[in-house]
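This one's a predicted model, so the numbers in the text were calculated from it and none came from an experiment. We count residues from 1, following the sequence as given.
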Amino acid sequence: MSSENKGLGLTTYSEVDPQDLHYQKHLKKIRLVDAARVGLTLLGLLCGLTVLGTSADTLAVYNSTHLSADFHLPLWPDRFDLRPTIALVIGSCIVVTANVASLLFSKVQVLRNRTVIHTSLTFVAPFVSFTGVMISMIFFYAVNASITDDTLQSWSCQWGFASMSAKPHFGTLCNESRTALYLSVVLVPVELVVLTVAGYQSMLERKSIGAMLSRKSGSPAPSS
């Protein structure tokens with residue numbers, strides 16, 4: 001390579017603004033954090049849908065097989081508390097709704113361009129999901145601690161060994177109730193991590209906006 005070409009190469013490299021390289025790295029970090037947030041939000045949505053499906057199915061089976069006390073040999077006891085299962089249904093509905101809204105405003109470009117709403121939902125959606133699942137879990141364990149009233153989970157798991165040719169299939173109901181409960185427990189740290197990542201992303205975006213404004217203010221004014 002000639003000395004002229006070497007000099008040209010050195011000059012071209014030296015003309016690259018170090019601030020531009022730093023800004024591009026910062027934008028890449030924001031994209032990676034955003035991808036992690038979206039992935040965790042999708043995980044929360046899948047868990048929420050599973051909790052909603054299993055807990056709602058147990059309620060539907062109970063409603064279709066529950067008989068009044070006038071009938072002999074009822075399948076369900078008189079003292080029965082459905083509130084723990086209802087709490088899981090309501091909590092999972094909140095999680096699904098919040099996560100769907102967050103994903104829509106993250107992936108649909110028309111909605112993402114609404115910067116104020118998108119930025120707000122990035123933080124508000126996981127906060128609402130975390131709050132909803134925490135309240136449902138606290139309520140579930142508070143009511144489920146009763147030693148006098150059976151719940152859908154306690155009763156179905158008590159009789160889960162019974163082989164049945166028709167509904168309610170207590171073994172299946174027990175497995176569905178446990179799945180809904182365990183995934184609700186998993187949702188607590190998942191939504192907390194999403195909330196933390198969303199806060200970190202918001203901090204990075206504020207720094208990015210500040211850096212962009214400082215670059216504009218520091219750029220030379222065009223000659224007249």
Side-chain angles (χ1 to χ4, degrees), residues 36-67 74-77 80-108 111 121-122 124-146 149-195 197-198:
R37 180 188 61 80
V38 170
L40 289 169
T41 302
L42 181 60
L43 175 61
L45 174 61
L46 294 177
C47 290
L49 286 172
T50 305
V51 173
L52 179 59
T54 51
S55 55
D57 183 66
T58 57
L59 276 179
V61 172
Y62 170 80
N63 289 328
S64 64
T65 57
H66 175 256
L67 301 175
L75 294 171
W76 304 96
F80 200 71
D81 198 341
L82 290 174
R83 290 181 297 171
T85 305
I86 294 174
L88 294 183
V89 172
I90 295 175
S92 59
C93 282
I94 294 174
V95 170
V96 169
T97 303
N99 286 335
V100 166
S102 178
L103 288 174
L104 285 176
F105 275 87
S106 295
K107 303 305 292 183
V108 179
L111 299 176
L121 271 178
T122 298
V124 171
F127 177 77
V128 171
S129 297
F130 176 73
T131 304
V133 73
M134 275 297 297
I135 293 175
S136 67
M137 293 307 304
I138 292 172
F139 188 83
F140 180 93
Y141 281 109
V143 177
N144 207 43
S146 173
D149 295 345
D150 281 297
T151 63
L152 208 155
Q153 179 179 343
S154 65
W155 183 259
S156 60
C157 291
Q158 179 181 345
W159 295 98
F161 64 89
S163 178
M164 306 183 71
S165 58
K167 289 182 178 181
H169 300 295
F170 288 122
T172 301
L173 291 181
C174 177
N175 292 332
E176 287 183 339
S177 298
R178 286 176 173 172
T179 299
L181 175 61
Y182 296 157
L183 284 180
S184 295
V185 173
V186 170
L187 270 172
V188 174
V190 168
E191 295 299 338
L192 181 59
V193 172
V194 175
L195 183 60
V197 173

* Evaluate side-chain contact (heavy atoms from CB on, under 4.5 Å) for R83 paired with T151, printing each intermediate quantity in order. => CA-CA 8 Å; R83 290 181 297 171; T151 63; over 6 Å; no
* To do: Quick one: closest heavy-atom pair of G48 and V96, and the distance?
  => C-CG2, 3.6 Å
* Asked: Looking only at heavy atoms, which two atoms of S184 and V133 are closest? And how far apart?
  -> O-CG2, 3.5 Å
* Asked: Short question: side chain of S55, backbone of V51 - any donor-acceptor pair under 3.5 Å?
  -> yes
* Asked: Is the backbone of L59 close enough, under 3.5 Å, to the side chain of N63 for a donor and an acceptor to pair up by distance?
  -> yes
Output side-chain donor-acceptor pairs under 3.5 Å for residues 36-47, partner residues at least two apart or in another chain, one line each.
{"unit_1": "R37", "atom_1": "NE", "unit_2": "Q201", "atom_2": "OE1", "d": "2.9"}
{"unit_1": "R37", "atom_1": "NH1", "unit_2": "S102", "atom_2": "OG", "d": "3.4"}
{"unit_1": "R37", "atom_1": "NH1", "unit_2": "S106", "atom_2": "OG", "d": "3.4"}
{"unit_1": "R37", "atom_1": "NH2", "unit_2": "D34", "atom_2": "OD1", "d": "2.8"}
{"unit_1": "R37", "atom_1": "NH2", "unit_2": "S106", "atom_2": "OG", "d": "2.9"}
{"unit_1": "T41", "atom_1": "OG1", "unit_2": "R37", "atom_2": "O", "d": "2.7"}

* Structure fact -> Closest non-hydrogen contact found for E191 with N99 is OE2-ND2, 3.2 Å
* **Pairwise distance CG(L152) to OH(Y62) - rounded to 0.5 angstrom** => 8.0 Å
* Do the side chains of P84 and Q153 get nearer than 4.5 Å, heavy atoms only? -> no
* Geometric class of the F170/W76 ring pair [parallel <30°, tilted 30-60°, perpendicular >60°] -> perpendicular
* Give, for atom OG1 of T65 and atom CG of L173, the distance between the pair rounded to the nearest 0.5 Å. => 7.5 Å
* Between E176 and V61, is any pair of side-chain heavy atoms under 4.5 Å apart? -> no
* To do: Taking all heavy atoms of L121 and all of F105, pick out the closest pair and write down the distance.
  => CD1-CD1, 3.2 Å
* To do: Begin from the C-alpha positions of V128 and I94 and carry the test side-chain contact (heavy atoms from CB on, under 4.5 Å) through to its verdict.
  => CA-CA 7 Å; V128 171; I94 294 174; 3.6 Å; yes
* Hey, could you give me the CG/CZ distance between L192 and F130, rounded to the nearest 0.5 Å? => 5.0 Å
* **Working for side-chain contact (heavy atoms from CB on, under 4.5 Å), residues S177 and T85** => CA-CA 8 Å; S177 298; T85 305; 5.6 Å; no
* To do: Apply side-chain contact (heavy atoms from CB on, under 4.5 Å) to the pair V89 and L52, showing each step before the final yes or no.
  => CA-CA 5 Å; V89 172; L52 179 59; 3.9 Å; yes
